[in-house]
Enquirer: 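Sharing a structure here in structure tokens format.
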Amino acid sequence: MPLVVQKFGGTSVGDADRIRAVADHIARTRRQGAEVVAVVSAMGKTTDELIHLADSVSATQPPREYDMLVSTGERISMSLLVMALADLGVDAASFTGSQVGIITDNDHTRAKILEVKGDRLREALAAGKVPVVAGFQGVSTEREITTLGRGGSDATAVALAAILGADVCEIYTDVTGVFSADPRIVPEAHRINRISFDEMLEMAATGGRVLMLRAVEFARNHNVPLHVRSSFTWEPGTWVVEEDADMEDAVVTAVTHDTSEAKVTVSGVPDRPGVAARLFRALADKSINIDMIVQNTSVKGTTDISFTVPNDDLTGAIETAQAHAEELGASGVTADAEVARVSLVGAGMKSHPGIAATMFETLADEQINIDMISTSTIRTSCIVAEEDVERAVRCLHAAFALG
Ligand code: ADP
Ligand code: ASP
Ligand code: MG
């Protein structure tokens, strides 16, 4: 019998009607002869509301307690979904991440999955039940409840699909698949029918938040086919699979954007070996994720180093850079949170020169200033002012005829 992992995002379980519709769909999938493991997110904006509640109670928010709090959202939806399944005569049981043995490291609020035991899942399946698992959470090697970072239910679903050897991991959401740009910003964006893991990784890494980055990495490493589709229309959506001949051979596949970045500049540092090493070692020791780095050519023996970090890490990055400014011999540290990144992603960029040039010309024609640039073999990204980014996405989408 085929085994399907079905993950339902927040809007898909947003209210009682939606939960009943999801239960119907699971019952239908079972009638068609598949075994189902369901993974659920918290209902609607529940996670945001819990975070808001924490913000209004506490300035310190010990990470252990943060995880205890925000992991509760998924417990609500998992138990309600099992109740709705019971009404349909489907035998199901809910499990927390800890109960199914999702073992993580101790990095609270963004823990990484180290291992999935899954015994209870296998037992439930063997007993003919539908296991309904709370996404986004696990238990650490120190036996504490952890969460996997925003969007983490995708990672739960892929990890379960990998250890169970599922035939497919279906990600149900509020759009009908992965589009050539965020459909909220570019209404003419088109749905991509098949996309490679590599392209999807670049999209997820550059702000295409329809799939969590770590979930795509995990799916690629374990070769778990993903099917991103709508829980509103139930129509077939986008398959994320290994690159093959059936893929669209467009040079540019998608335009993504990310407004959650900030830029830090350390100015007037002496241009000599070891300076960058010391600065970035100090940032790494604080678990700060650095993205783009630009070092200017030196003038009179000193230079500026700029880098981008997620907004959430900005305070930590500034503090760390300032703490080391004197030892680095830097003259100052400045920051700009009002920046955003716009990126072009496409496997065809490997073999087509000139894409970056067209990107810069298109932005120039729109009078959008480029602050920083970075490239990989299948991506080109520019940092621009946050207020310009939506315009940048729309003009690039049009310039590369992706509509
Ligand atoms: P869920 O709660 O189901 O996990 P998310 O909000 O995490 O849903 O992801 C779905 C959203 O991702 C869509 O509503 C859409 O606005 C956004 N999105 C951004 N970029 C893209 C893209 N390229 N294709 C599809 N959706 C995208
Ligand atoms: N509920 C969590 C979040 O909002 C996890 C998820 O939805 O994937 O980030
Ligand atoms: Mg999501």
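Keep in mind that what you see is a predicted model, and the values were worked out from it rather than measured.
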Enquirer: Looking at Lys112 and Asp107, is there a salt bridge between them, counting it only when a charged N and a carboxylate O are closer than 4.0 Å?
Expert: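 Between Lys112 and Asp107 there is no salt bridge, as every charged N stays at least 4.0 Å from the carboxylate O atoms.
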Enquirer: Do Phe197 and Val240 make a side-chain contact, defined as non-hydrogen atoms from C-beta onward lying under 4.5 Å apart?
Expert: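 Side-chain contact under 4.5 Å: yes.
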Enquirer: Which residue pairs pass the side chain to side chain donor-acceptor pair (under 3.5 Å) test when at least one of the two sits in residues 155-168, sequence neighbours left out?
Expert: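 Non-adjacent pairs meeting side chain to side chain donor-acceptor pair (under 3.5 Å): zero.
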Enquirer: When rounded to the nearest 0.5 angstrom, what distance separates CE in Met68 from OG1 in Thr146?
Expert: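 Those atoms lie 10.5 Å apart.
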Enquirer: Step by step, work out the side chain to side chain donor-acceptor pair (under 3.5 Å) result for Ser381 and Ser343.
Expert: CA-CA 4 Å; Ser381 298; Ser343 307; 2.8 Å; yes
Enquirer: Using side-chain heavy atoms (C-beta onward) and a distance below 4.5 Å, is Cys169 in contact with His227?
Expert: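 No; the side chains remain at least 4.5 Å from each other.
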Enquirer: Can you check whether Ser306 reaches Met372 side chain to side chain, under 4.5 Å on heavy atoms?
Expert: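 Yes, their side chains come closer than 4.5 Å.
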Enquirer: Do the charged groups of Glu115 and Lys117 touch, with an N to O distance under 4.0 Å?
Expert: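 Looking at Glu115 and Lys117, the cut-off is met.
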Enquirer: Show, in sequence, the C-alpha distance, side-chain angles and deciding distance for Ser230 and Glu235, and conclude whether the side chain to side chain donor-acceptor pair (under 3.5 Å) test is met.
Expert: CA-CA 7 Å; Ser230 161; Glu235 69 197 272; 5.6 Å; no
Enquirer: Short question: side chain of Glu65, backbone of Pro62 - any donor-acceptor pair under 3.5 Å?
Expert: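 No, the answer is negative, given that no donor and acceptor are paired below the 3.5 Å cut-off.
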Enquirer: Do Val252 and Ile355 have side chains that approach each other closer than 4.5 Å (heavy atoms only, starting at C-beta)?
Expert: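 Yes, close enough: below the 4.5 Å cut-off.
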Enquirer: Can you give me every donor-acceptor pair (side chain of residues 394-403, partner residue at least two apart or in another chain, under 3.5 Å) with its distance?
Expert:
| residue | atom | partner | partner atom | Å |
| --- | --- | --- | --- | --- |
| Arg394 | NH1 | Ile185 | O | 3.1 |
| His397 | NE2 | Ser180 | OG | 2.7 |

Enquirer: Any Lys/Arg nitrogen of Asp198 or Arg379 sitting under 4.0 Å from an Asp/Glu carboxylate oxygen of the other?
Expert: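 Salt bridge absent between Asp198 and Arg379.
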Enquirer: Any salt bridge between Asp388 and Arg391, counting N to O under 4.0 Å?
Expert: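 Counted as a salt bridge, because a side-chain N and a carboxylate O are separated by less than 4.0 Å.
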Enquirer: Below 4.0 angstrom, N of the basic side chain to O of the carboxylate: do Asp285 and Arg281 qualify?
Expert: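 So Asp285 pairs with Arg281 through a salt bridge.
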Enquirer: Assign the ring pair His25 / Trp234 to parallel, tilted or perpendicular, where the plane angle (0 to 90°) is split at 30° and 60°.
Expert: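 Rings of His25 and Trp234: parallel, as their planes differ by under 30°.
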Enquirer: I would like to know whether Met43 and Ile76 meet side chain to side chain contact (heavy atoms under 4.5 Å, CB included); could you show each step before the answer?
Expert: CA-CA 8 Å; Met43 293 172 69; Ile76 299 174; 4.0 Å; yes
Enquirer: So, for Val82 and Ser94, which heavy atoms are closest and what is the spacing to 0.1 Å?
Expert: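 For Val82 and Ser94, the tightest heavy-atom pair comes out as CG2-N, 3.6 Å.
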Enquirer: Is the closest side-chain heavy-atom distance between Phe95 and Val132 below 4.5 Å?
Expert: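 Side chain of Phe95 against side chain of Val132, heavy atoms only: no contact under 4.5 Å found.
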Enquirer: Without swapping roles, check the side chain of Ser376 against the backbone of Ile378 for a donor-acceptor pair under 3.5 Å.
Expert: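 Yes; at least one donor-acceptor contact below 3.5 Å.
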Enquirer: State, yes or no, whether a side-chain contact exists between Ile293 and Ile305 at a heavy-atom distance under 4.5 Å.
Expert: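 SC-SC contact between Ile293 and Ile305 confirmed.
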Enquirer: Side chain to side chain donor-acceptor pair (under 3.5 Å) for Glu199 and Ser196? Distances and angles first, verdict last.
Expert: CA-CA 5 Å; Glu199 286 175 300; Ser196 67; 3.2 Å; yes
Enquirer: Tell me which pairs pass side chain to side chain donor-acceptor pair (under 3.5 Å) where either residue lies in residues 311-333, with sequence neighbours left out.
Expert: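 Residue pairs passing side chain to side chain donor-acceptor pair (under 3.5 Å), neighbours aside: Arg278-Glu327.
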Enquirer: Assess, by modelled atom type and distance only, whether the side chains of Asn106 and Ser140 contain a donor and an acceptor separated by less than 3.5 Å.
Expert: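 Result is yes, a qualifying pair exists.
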Enquirer: Are the side chain of Thr238 and the backbone N or O of Val178 linked by a donor-acceptor pair below 3.5 Å?
Expert: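 A pair under 3.5 Å: yes.
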Enquirer: Measuring only between side-chain heavy atoms, which start at C-beta, is Asp67 closer than 4.5 Å to Thr109?
Expert: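 Asp67 vs Thr109: side chains touch.
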Enquirer: Measure the spacing between CZ of Arg20 and CG of Leu81 and express it to the nearest 0.5 Å.
Expert: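 The distance works out to 12.0 Å.
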Enquirer: Decide side chain to side chain donor-acceptor pair (under 3.5 Å) for Glu386 and Thr259; before the verdict, give the C-alpha distance in whole Å, the side-chain angles of both, and the deciding distance to 0.1 Å.
Expert: CA-CA 6 Å; Glu386 190 167 320; Thr259 54; 4.8 Å; no
Enquirer: Salt bridge check, Arg194 against Glu242: does any charged N sit closer than 4.0 Å to a carboxylate O?
Expert: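 The answer is no: the pair does not qualify as a salt bridge.
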Enquirer: Please determine which of Asp174, Val175, Thr176 meets the side-chain contact (heavy atoms from CB on, under 4.5 Å) test together with Phe232.
Expert: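 Of all the options given, the one that passes is Asp174.
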Enquirer: Roughly how far apart are Thr303 OG1 and Asp271 CG, rounded to 0.5 Å?
Expert: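 Reported value, rounded in 0.5 Å steps: 5.5 Å.
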Enquirer: May I ask you to test the Val384-Val339 pair for a side-chain heavy-atom distance under 4.5 Å?
Expert: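 No, side chains not in contact.
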Enquirer: Main chain of Val345, side chain of Glu202: is a donor-acceptor contact present, judged purely on distance under 3.5 Å?
Expert: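 Pair absent, no side-chain N/O of Glu202 close to backbone of Val345.
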